[in-house]
Amino acid sequence: WGIQFQSPWFIGFMVLVMLIFSASLFGLFEFRLPSAMTTRLATHGGNGMAGHFWQGAFATLLATPCSAPFLGTAVAVALTASFPVLWGLFLALGVGMSLPWLFVALRPGLAQRLPRPGRWMNGLRHVLGVMMLGSAIWLATLLLPHLGYATGSPVKERVVWQPLSEQAIQDALAQHKRVFIDVTAEWCITCKVNKYNVLQREEIQDALQQPDVVALRGDWTLPADDITNFLKKRGQVAVPFNQIYGPGLPQGQSLPTLLTRDAVLQTLRDAKGVTP
């Protein structure tokens with residue numbers, strides 16, 4: 001659901017929520033509920049199947065900010081995969097989420113080893129407040145493209161990126177050239193990892209500057225119907241997305257979500273094909 005970050009209103013709302021949470025963690029204000037309500041909330045749901053289900057559902061919801069960077073790709077694949085694959089992936093996610101509870105159920109003594117409440121919780125609260133504030137600042141930077149500010153990379157790229165389009169791919173293939181496609185967004189953390197760890201490495205920059213290589217980049221930071229349609233045509237619903245075409249790969253080959261140096265260089269070699 002990262003595409004929600006294409007909306008400035010959504011980003012602004014998330015920044016506000018993060019700031020309120022961080023202010024609370026720093027002790028600037030607190031909400032004190034009546035003891036009767038606190039008790040009711042703590043015991044609501046009972047020990048029935050419905051109670052356990054909703055406790056697990058809320059636990060999963062609360063864990064989303066931590067798990068999304070790792071599970072986002074799996075969920076994206078599940079939503080475009082066949083029915084058995086979809087159920088298999090979500091079943092695996094459910095089993096993984098329930099493992100801590102299963103371990104404690106099988107070995108109740110593990111619960112006794114958990115840290116007991118104490119003064120250390122106040123220090124942890126401030127640490128979490130700093131982390132929450134950092135998240136709010138990062139989210140605020142995502143508003144810069146909506147306000148018309150440039151958000152260029154501090155690292156100078158030597159590759160001349162051209163706008164992404166189906167016509168540009170066909171024109172390059174007609175000239176027997178290779179095509180490297182990079183669909184990215186400013187709000188995409190995985191995109192930035194790929195950019196700094198792989199795409200801006202010296203050997204990758206050299207490979208993308210070869211005379212027979214055309215580098216195309218699509219920026220999905222803001223809503224763009226052409227990029228959305230480009231991704232859907234290839235069965236994709238999320239970024240990053242990288243694909244390579246060439247005489248040896250006329251139908252194109254998609255790269256893994258997390259790029260590696262070897263995968264990029266090898267696929268570029270495969271795309272060159274056999275020189276007549």
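Keep in mind that what you see is a predicted model, and the values were worked out from it rather than measured. Heavy-atom basis, side chains included; hydrogens, waters and symmetry copies ignored.
- One finds the CD atom of E30 at 10.0 Å from the CG atom of L25 (value rounded to the nearest 0.5 Å).
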L216 vs V214, side-chain contact (heavy atoms from CB on, under 4.5 Å): CA-CA, chis, key distance, verdict: CA-CA 6 Å; L216 304 179; V214 177; 3.7 Å; yes
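- The backbone N or O of M97 lies less than 3.5 Å from no partner atom in the side chain of W101, so there is not a single donor-acceptor pair.
- Under the 3.5 Å distance criterion, with hydrogens and angles disregarded, no donor-acceptor pair is assigned to the side chains of T260 and D262.
- Between I244 and A271, the closest heavy-atom pair is CG2-CB, 3.7 Å.
- With no hydrogens or angles considered, no side-chain donor-acceptor pair links R217 and Q162 at under 3.5 Å.
- A donor atom on one side chain and an acceptor atom on the other are found under 3.5 Å apart for D171 and Q167.
- How far OG1 of T228 is from CD of Q6: 6.0 Å, rounded to the nearest 0.5 Å.
- Using a 4.0 Å cut-off between a side-chain N of Lys or Arg and a carboxylate O of Asp or Glu, K177 and D212 do not qualify as a salt bridge.
- Interatomic distance, E203 CD to L208 CG, rounded to the nearest 0.5 Å: 11.0 Å.
- Other residues, nucleotides and ligands place more than 12 heavy atoms under 6.0 Å from the CH2 atom of W138.
- More than 12 heavy atoms of other residues, nucleotides or ligands lie within 6.0 Å of CZ in F26, so this atom counts as buried by the packing criterion.
- Atom CH2 of W9 has 12 or fewer heavy atoms from other residues, nucleotides or ligands within 6.0 Å.
- Ion pair R158/D206 flagged as a salt bridge, since at least one NZ, NE, NH1 or NH2 atom sits closer than 4.0 Å to an Asp/Glu carboxylate oxygen.
- Ring planes of W220 and W187: tilted class, angle from 30 to 60°.
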